[in-house]
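Below: one structure, written as structure tokens.
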Amino acid sequence: MKVCQGISVWGYRMRVLKFGGSCLDTPDDYKRLVSIVKRYTDGVDTGQAEQVVVVVSAAKGITDTIGTSLERIVTEGDDSLVNQLVFTVRDRYYALIDGTLEGSYVDEAKLDAEEVLTRMERLLYGILLTEELTPRTKDMALSFGERISAKLAAVALEANGSKGQAVEADKAGLVTDGEFGNASADAEENRGEFKTNITSIIDEGSVPVVTGFFGADEKGHVTTFGRGGSDYSAALIAAILEAESLDIWKDVAGFMSVDPKIISDAKVLETLSYLEAAELAYFGAKVIHPRTVEPVRPYCIPIRIRNAFDPASKGSVIIEDCQLHSNVIKSVAYSTEVAVLKVHGAAVGFKKGVLNKLTGAMMDNGINIKSVITSQTCITFLLEQQDLERSKEAINGINTPVVERLEALSDIALVGIVGEGIVRTEGLAARAFTSVADKGVNVLMISAGASSAAYYFVVSGSDIEKVIEAVHTEFFVVTGADR
Ligand code: ASP
Ligand code: MG
């Protein structure tokens, strides 16, 4: 059953705000965070003071930097790499601190950063000495960027006269299911310790600034929600707290009808359904992480995408039900970061258990399969581009005599046409594919029916602009007859 609570739970408006790495790149970004928080606490948008909980990512690029260095530390075993990494992270945050803060706040933030850096350095030496990077130590190591970021943001709030308190999600008792590198967590289960900790900070009149991206398993081991997972964290925290909304502050205006780089009159979508947003995220619209919808949907907490560079603009709102767009189709999205792996063999579609073996091998290697289509002589996997080589290795590494040959297509693009009701409305698929065929483009793979809100197809990467233009013209350039 869906319960929409929000305001009734708190007696005042309580919102969760999320700031991701792309909005935490420069001192101005941290200052912007502070002024956005103030918009809420001053009640600029609603005329009423609002309470907020802030969730932050690491500063832009930090998690990547830690990740790449970790690999080198284990493979090269050189202790100067540990020093280098600590130095790089310190340097980056010190520059942010110096640019964001003044006077004693600088010292305070640097002390906070040092405390985290010391923990990081110890762990890195552990990894170096044992020459072993386990999923557990890796998750722990990846978490340090968020910890410093939260502390910096909290001091920045303080410096601006608002009270801020950094919260390390694992220490505050955010419990996950324990799957390293790809954890999930349950909102209901976190309404005890974690919620109490956050609530008591709010009750003291402070703004909690929580680290995104990770929690801890039942034994207290840090588990991350996967790369880009701080959107998921923020959604989870909004669900735990039964917030009025989850506001994701971005460097874009919202979800768009089409990529503005290809079509200049792309429009911001004012409202989308959870399903549409999830599909668009899946197809590569990098506005939210595909898992963001999951935690908030059962509580019908709206997700609002807001533009940090234009805070007065409305952005996009994601809710359960929203009016059907006049054309049913709301947006055309695409991703070029995909690849196709075809597994050929005369009997692959016929022989029992082949698909199971292949997907098992891929799963063992941590590969996410985006889609699979099978026929008698070929099993076709749609994958993330970055997983292609490892997928080939995984399949080559198992003994499946029916597999005759692998064929990889990497210069391809995945196009998604998204809108609630797409599958229920006659003739849309035909219109989409005719518009593409009219441009002389060959469609390599099609999927319809897997989702009630999306069709997708795969084309050659070099055709992508033509395809987007064709589909956009077909559905968005109103001719009068369509209305
Ligand atoms: N910092 C983490 C990452 O880069 C989490 C996030 O930014 O969402 O993956
Ligand atoms: Mg990020």
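Read the numbers this way: they start at 1 and go in the same order the structure lists the ligands and their atoms.
- In this structure, E204 does not pair ionically with K163, as no charged nitrogen and carboxylate oxygen lie closer than 4.0 Å.
- Using a 4.0 angstrom heavy-atom cutoff, G20 does not count as in contact with ligand 1.
- Each of the atoms 6 (C), 7 (O), 8 (O) of ligand 1 lies under 4.0 Å from some heavy atom of S57.
- G212 does not count as a contact of ligand 1, since none of its heavy atoms falls under 4.0 Å from the ligand.
- Taking a cutoff of 4.0 Å between a charged side-chain nitrogen and a carboxylate oxygen, E168 and R119 qualify as a salt bridge.
- Not a single N or O atom of F213, backbone or side chain, sits closer than 3.5 Å to an N or O atom of ligand 1.
- Residues R191 and E188 are paired through a salt bridge, judged by an N-O separation under 4.0 Å between the basic side chain and the carboxylate.
- Looking at D217 and R136, no side-chain N of the basic residue comes within less than 4.0 Å of a carboxylate O on the acidic one, giving no salt bridge.
- By the criterion of a heavy-atom distance under 4.0 Å, neither the backbone nor the side chain of H289 is placed next to ligand 1.
- For the pair T63 and ligand 1, the shortest N or O to N or O distance falls below 3.5 Å.
- Taking a cutoff of 4.0 Å between a charged side-chain nitrogen and a carboxylate oxygen, R390 and D387 qualify as a salt bridge.
- Below 3.5 Å of separation, one finds no N or O of D231 facing any N or O of ligand 1.
- The heavy atom nearest to atom 5 (C) of ligand 1, out of those in E146, K60, R227, is found in E146.
- A side-chain donor-acceptor contact under 3.5 Å links S149 and Y30.
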